[in-house]
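Counting starts at 1 for both ligands and their atoms, in listed order. The model shown is predicted, which means the values in this text are computed figures rather than measured ones.
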Amino acid sequence: MGVLWLLAIYGATFVLYAVLPGRWVEGYVCDAQGRPLRYHLNGLPVFAVVVGGYVALAATGMVAWDVFYVFRFEMLATAIGVGLVFTFAIVLPAPPTGKSLAAELFLGRYENPQRGRVDAKMFLYLVGAVTLELLLLSFAAHHVLLFTWAGSQGIVVYTGLFSFFLVEYLWFERVHLYTYDFVAERVGFKLGWGCLAFYPFFYCVGAWFTAGVADPDPSMLRLVAAVVVFFAGWSLARGANLQKFRFKTRPEATHFGPFAQTAIGDGTRRVLVGGLWGLSRHINYFGEILMASGLAIALAHLGAWLYPLYYVGLLVPRQLDDDRRCATKYGALWAEYQARVPARIIPKIW
Ligand code: NDP
């Protein structure tokens, strides 16, 4: 059954993504002729329909609330298999890039594959978010069924914060067209298998550890700390991403909220050095790590810290790589930014 459930989630998400109305926007990445790629954005309605479908089925007793917890291992195995099949299917028919086949399978060949309304990267991020939300809700439901609402405050706060994270990610879907994944990554195992298997099944690692065990410390202080750390991180990450988005899309604007859009350079070669981007060169990564830490605090289980730890492992090399990329792209301008803002991720520390 887990196989069928996962295929149904992937299938429903794909069909809804392809047919539900949305809005067309221009992205940041350009095609070979220098024209910006166009994207059809409808992530939030797709998410709402699939998650609403699960809630409706569970509320009417047609499926158990914890159905995806019950079938979690079968679903995980299926996701691993589908992710591998997807990798071969998207990489092998594409023209080689000159790297070894192993490197191409891992990193991909196509940069931004699109057909009609369907953009491979947008679909992959969407299906990952939808599957993750369904797992989170089902894992939390399992805990509530075992230990009641009163005994499940940690996982309920965790699921609420994580759901906020996913919904707001889709709300700001357009901003993500301006991120590293769209600019610098190709579609292979890393992105394809990553979004189909790793993202939905690993990001909720804390729930895997805790959905079946009683909360050891249902303290209000811990839950408040979780919410505060999470939203402190969210303010930094979302604030910085929006500030940069505004800087790229409305270069004439002098302010973003309370922050001056202070920049160095001229014309199309300008680097933002003010506001949140003056705190560290990747303050958004620091925000992301704080958000993940807030989620781990909510669960009070050592295993939940694998999630923030994963972000450290992902974002530290990514910062080093992006710094190299920007040094090549911006030259002396980037050296000036590095001198003005020496911290890479954590203000004043590193
Ligand atoms: P950034 O959004 O920081 O994008 C980096 C690019 O932005 C650079 O290559 C450069 O590109 C431009 N840039 C960087 N600094 C400046 C500056 N000071 N002024 C102007 N342009 C600048 O990184 P990511 O795309 O990696 O991350 C985006 C968000 O996604 C972050 O919040 C990150 O934490 C999050 N993320 C989330 C993940 C998750 O699994 N939840 C995974 C990975 C990332 P150019 O100049 O060419 O525009």
Using a distance-only test with no angle check, is there a side-chain donor-acceptor pair under 3.5 angstrom linking Asp323 and Gln338?
yes

Among Leu272, Asn284, Thr179, which one has a heavy atom closest to atom 1 (P) of ligand 1?
Asn284

Could you tell me whether the side chains of Tyr180 and Asp321 share a donor-acceptor contact shorter than 3.5 Å?
yes

Considering Tyr285, Tyr180, Tyr169, which one's heavy-atom position lies nearest to atom 27 (O) of ligand 1?
Tyr285

Which one holds for Leu314 and ligand 1: side chain close, backbone close, both close, or neither close, with close meaning a heavy atom under 4.0 Å?
side chain

Examine the proximity of ligand 1 to Tyr178 and report which part, side chain or backbone, both or neither, has a heavy atom under 4.0 Å away.
neither

Taking only heavy atoms of Cys326, which atoms of ligand 1 are found under 4.0 Å from at least one of them?
8 (C), 9 (O), 10 (C)

Within the 4.0 Å heavy-atom cut-off, what Phe198 brings close to ligand 1 is neither

Of the backbone atoms (N, CA, C, O) and the side-chain heavy atoms from C-beta on, which set of Asn241 has a member under 4.0 Å from an atom of ligand 1: side chain, backbone, both, or neither?
side chain

Short list, please: which atoms of ligand 1 are under 4.0 Å from a heavy atom of Asp322?
5 (C), 6 (C), 8 (C), 9 (O)

Taking only non-hydrogen atoms of Phe165 and a 4.0 Å limit, the atoms of ligand 1 in range are 41 (N)

Would you check whether Tyr310 has a nitrogen or oxygen atom less than 3.5 angstrom from a nitrogen or oxygen atom of ligand 1?
no

Phe68 pairs by ring-ring contact (aromatic ring centres under 6.0 Å, His included) with which of Tyr54, Trp208, Phe73?
Tyr54

Please determine whether the number of non-hydrogen atoms from other residues, nucleotides or ligands lying under 6.0 Å from atom CG of Leu221 exceeds 12.
no

Enumerated ligand 1 atoms positioned under 4.0 Å from heavy atoms of Trp334
15 (N)

Before accepting this row, confirm whether a basic side-chain N of the pair Glu104/Arg109 lies closer than 4.0 Å to the acidic partner's carboxylate O.
yes

Donor-acceptor pair, Arg117 side chain versus Val19 backbone, under 3.5 Å?
yes

Write out the residue and atom name of the closest protein heavy atom to atom 33 (C) of ligand 1, then the distance separating them to 0.1 Å.
Glu288 OE1, 3.3 Å

Atom 11 (O) of ligand 1 [closest protein heavy-atom partner, distance rounded to 0.1 Å]:
Arg325 NH1, 3.5 Å

Do the side-chain N and O atoms of His301 and Thr210 include a donor-acceptor pair separated by under 3.5 angstrom?
no

Using a plain distance cutoff, I'd like to know if Tyr330 has any nitrogen or oxygen under 3.5 Å from a nitrogen or oxygen of ligand 1.
yes

Check: Trp5/Glu74 side-chain N/O donor and acceptor closer than 3.5 Å:
no

Distance from atom 40 (O) of ligand 1 to nearest protein heavy atom, with residue and atom
Tyr203 OH, 2.4 Å

Does only the side chain of Ala240 get under 4.0 Å from ligand 1, or the backbone, or both, or neither? Count heavy atoms.
neither

Indicate, as side chain, backbone, both or neither, the part of His282 found under 4.0 angstrom from ligand 1 when only non-hydrogen atoms are considered.
side chain

For the residue pair His40 and Asp119, confirm or rule out a side-chain donor-acceptor distance under 3.5 Å.
no

Closest protein heavy atom to atom 2 (O) of ligand 1, given as residue, atom name and distance to 0.1 Å:
Lys244 NZ, 3.1 Å

Which one holds for Trp277 and ligand 1: side chain close, backbone close, both close, or neither close, with close meaning a heavy atom under 4.0 Å?
side chain

Ligand 1 atoms nearer than 4.0 angstrom to some heavy atom of Tyr28 are 45 (P), 47 (O), 48 (O)

Can you confirm whether Trp24 is buried at CH2, in the sense that more than 12 heavy atoms of other residues, nucleotides or ligands lie under 6.0 Å from that atom?
yes

Which ligand 1 atoms, with their elements, are less than 4.0 angstrom from a heavy-atom of Arg318?
24 (P), 25 (O), 26 (O), 43 (C), 44 (C)

For Lys248, the ligand 1 atoms whose distance to one of its heavy atoms is below 4.0 Å
20 (C), 21 (N), 45 (P), 46 (O), 48 (O)

Those atoms of ligand 1 less than 4.0 Å from some heavy atom in Tyr337:
18 (N)

Between Ile349 and Leu276, is there a shared hydrophobic cluster once you connect ILVMFWY residues whose side-chain heavy atoms come closer than 4.5 Å?
yes

Contact region, Tyr199 to ligand 1, non-hydrogen atoms below 4.0 Å, reads neither

Below 4.0 Å, non-hydrogen atoms only: which portion of Phe182 touches ligand 1? Side chain, backbone, both or neither.
neither

Closest to atom 41 (N) of ligand 1 by heavy-atom distance, out of Tyr311, Phe247, Phe286, Phe245, is Tyr311

Starting from atom 45 (P) of ligand 1, find the nearest protein heavy-atom neighbour and note its residue, name and distance.
Lys329 NZ, 3.4 Å

Check whether more than 12 heavy atoms from other residues, nucleotides or ligands sit under 6.0 Å from atom CH2 of Trp171, and answer yes or no.
no

Quick check on ring-ring contact (aromatic ring centres under 6.0 Å, His included): which of Phe182, Tyr125, Tyr169, Tyr28 does His176 satisfy it with?
Tyr169

Testing Trp193, Tyr311, Tyr310 for ring-ring contact (aromatic ring centres under 6.0 Å, His included) with Phe202, which one passes?
Tyr310

Distance, nearest 0.5 Å, that separates CG of Leu126 from CE of Met122
8.0 Å

Value rounded to 0.5 Å, distance of CD1 in Ile346 from CG in Leu279
12.5 Å

